[in-house]
Peer 1: 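The structure that follows is given in the form of structure tokens.
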Amino acid sequence: QLQLVESGGGLVQAGGSLTLSCVASGRTVRTDVLGWFRQAPGKEREFVAGIVWGSGATIYTDSIKGRFTISKDNAKNTMYLQMNSLLPEDTAVYHCNVGNTIANLRGQRVFSSWGQGTQVTVSS
């Protein structure tokens with residue numbers, strides 16, 4: 001089973017940038033679909049962005065389009081989320097997980113246990 005560990009969160013002012021990392025271990029990522037999710041205080045966890053590992057195809061939720069970029073490094077078995085123009089409403093715990101299709105990923109039908117995630121706090 002794939003194990004995933006998130007890092008890179010922090011406190012940043014509105015308009016700032018952060019890059020999150022999700023390191024996969026246990027096996028090499030090949031045909032999976034990996035994605036980022038976030039859970040803001042008092043809200044349900046939501047899908048943010050996904051990437052098809054083999055093709056590199058990406059998908060984003062509307063609220064972050066044009067500001068966030070998902071990417072991967074095959075050699076490092078690592079996925080990234082570059083977050084620019086951050087807004088206070090981006091404040092959340094960010095998690096990564098793995099699925100077998102984009103549709104299942106967006107529906108949070110995922111294969112790994114949810115970890116602690118990484119906290120992103122955007123001050124106004």
Side-chain angles (χ1 to χ4, degrees):
Q1 186 179 2
L2 205 61
Q3 289 85 46
L4 303 167
V5 178
E6 310 93 342
S7 65
L11 172 63
V12 64
Q13 287 188 332
S17 299
L18 282 173
T19 301
L20 306 183
S21 299
C22 172
V23 179
S25 62
R27 62 171 174 82
T28 300
V29 183
R30 296 188 189 279
T31 60
D32 312 81
V33 180
L34 269 68
W36 288 98
F37 304 79
R38 66 186 181 185
Q39 187 166 18
K43 295 186 177 181
E44 292 188 353
R45 186 171 50 231
E46 64 172 346
F47 169 81
V48 174
I51 186 165
V52 181
W53 205 262
S55 68
T58 59
I59 188 166
Y60 300 92
T61 196
D62 288 345
S63 63
I64 57 90
K65 282 182 180 178
R67 300 190 297 121
F68 292 10
T69 302
I70 190 171
S71 63
K72 62 183 177 73
D73 185 327
N74 288 13
K76 295 182 178 179
N77 231 30
T78 300
M79 175 178 66
Y80 303 97
L81 187 67
Q82 173 69 43
M83 306 186 295
N84 298 325
S85 303
L86 281 161
L87 304 169
E89 49 263 47
D90 294 318
T91 294
V93 177
Y94 284 71
H95 300 267
C96 58
N97 216 309
V98 56
N100 59 352
T101 67
I102 284 288
N104 281 338
L105 199 70
R106 296 187 73 170
Q108 300 192 40
R109 293 178 288 275
V110 295
F111 294 155
S112 290
S113 301
W114 294 102
Q116 290 186 329
T118 186
Q119 176 70 48
V120 172
T121 303
V122 184
S123 63
S124 57

Peer 1: Side chain to side chain contact (heavy atoms under 4.5 Å, CB included) between L105 and F37: does it pass, once the steps are laid out?
Peer 2: CA-CA 10 Å; L105 199 70; F37 304 79; 3.8 Å; yes
Peer 1: Would you compute the distance between atom CH2 of W114 and atom CD of Q108 and round it to the nearest 0.5 angstrom?
Peer 2: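 It comes to 5.0 Å.
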Peer 1: Under the side chain to side chain contact (heavy atoms under 4.5 Å, CB included) test against L4, which residue among T78, V29, V98 passes?
Peer 2: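 So the option named by the test is V98.
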Peer 1: Can you list every pair that meets salt bridge (Lys or Arg N to Asp or Glu O under 4.0 Å) and has a residue in residues 89-105, with sequence neighbours left out?
Peer 2: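 Those involving residues 89-105 are R38-D90, R67-D90.
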Peer 1: Can you measure from NZ (K76) to CG (N74) and round to the nearest 0.5 angstrom?
Peer 2: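 One finds 12.0 Å between NZ of K76 and CG of N74.
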Peer 1: Considering residues at least two apart in sequence or located in another chain, which fulfil the side-chain hydrogen bond (donor to acceptor under 3.5 Å, both in side chains) criterion with Q119?
Peer 2: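 T121.
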Peer 1: Do N104 and V110 have side-chain heavy atoms sitting under 4.5 Å apart?
Peer 2: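 SC-SC contact between N104 and V110 ruled out.
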Peer 1: Verify whether the ring centers belonging to F68 and W36 lie closer than 6.0 Å.
Peer 2: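 For F68 and W36, the ring centres are not under 6.0 Å apart.
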Peer 1: Do you reckon V93 sits in the same ILVMFWY cluster as L18, going by side-chain contacts under 4.5 Å, direct or chained?
Peer 2: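 They do not share one cluster, since no chain of ILVMFWY contacts under 4.5 Å joins V93 to L18.
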Peer 1: Do Q82 and T19 meet the criterion of a side-chain donor-acceptor pair at a distance under 3.5 Å?
Peer 2: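 Present: a donor and an acceptor within the cut-off.
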Peer 1: Between the main-chain N or O of Q1 and the side-chain N or O of Q3, is there a donor-acceptor pair closer than 3.5 Å?
Peer 2: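 Yes: the side chain of Q3 pairs with the backbone of Q1.
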Peer 1: Do you reckon I51 sits in the same ILVMFWY cluster as V5, going by side-chain contacts under 4.5 Å, direct or chained?
Peer 2: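 The answer is no; the residues belong to distinct hydrophobic clusters.
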Peer 1: Are the side chains of E6 and L20 in touch, meaning some heavy atoms are under 4.5 Å apart?
Peer 2: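 When only atoms from C-beta onward are counted, L20 and E6 do not touch, as no gap falls below 4.5 Å.
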Peer 1: Residues in side-chain contact (heavy atoms from CB on, under 4.5 Å) with A14, at least two apart?
Peer 2: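 Per chain and number, A14 pairs via side-chain contact (heavy atoms from CB on, under 4.5 Å) with P88, V122.
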Peer 1: So which atom in D73 and which in W53 form the shortest heavy-atom distance, rounded to 0.1 Å?
Peer 2: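 Smallest interatomic distance, heavy atoms only, reads O-CZ2, 4.1 Å.
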Peer 1: L2, Y94: one ILVMFWY side-chain cluster at the under-4.5 Å cut-off?
Peer 2: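 Yes.
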Peer 1: Measure the CD-CD1 distance between E46 and I64 for me, rounded to the nearest 0.5 Å.
Peer 2: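 Spacing of CD (E46) from CD1 (I64) equals 9.5 Å.
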Peer 1: Rounded to the nearest 0.5 Å, what's the gap from CE on M79 to CG on D32? Could you check?
Peer 2: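 Those atoms lie 11.0 Å apart.
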Peer 1: Taking all non-hydrogen atoms of both residues, which atom of Y60 and which atom of K65 are closest, and how far apart?
Peer 2: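 Scanning both residues, the minimum pair turns out to be O-CE, 3.4 Å.
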Peer 1: Rounded at 0.5 Å granularity, tell me how far CD1 in I70 sits from SG in C96.
Peer 2: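 Rounded to the nearest 0.5 Å, the CD1-SG separation comes out at 9.5 Å.
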Peer 1: How long is the span from the CG atom in L34 to the CG atom in L81, to the nearest 0.5 Å?
Peer 2: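 If I round to the nearest 0.5 Å, the distance is 12.0 Å.
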Peer 1: Are side-chain heavy atoms of M83 and V12 found at a separation under 4.5 Å?
Peer 2: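 Heavy-atom side-chain distance check fails, nothing below 4.5 Å.
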Peer 1: Under the 3.5 angstrom rule, does the side chain of N77 hit a backbone N or O of G26 as a donor-acceptor pair?
Peer 2: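 Not at all, since once roles are kept as given, no pair shorter than 3.5 Å links the two residues.
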Peer 1: Identify the heavy atoms of N84 and S17 that sit nearest to each other, and give their distance.
Peer 2: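 Result for this residue pair: OD1-OG, 2.9 Å.
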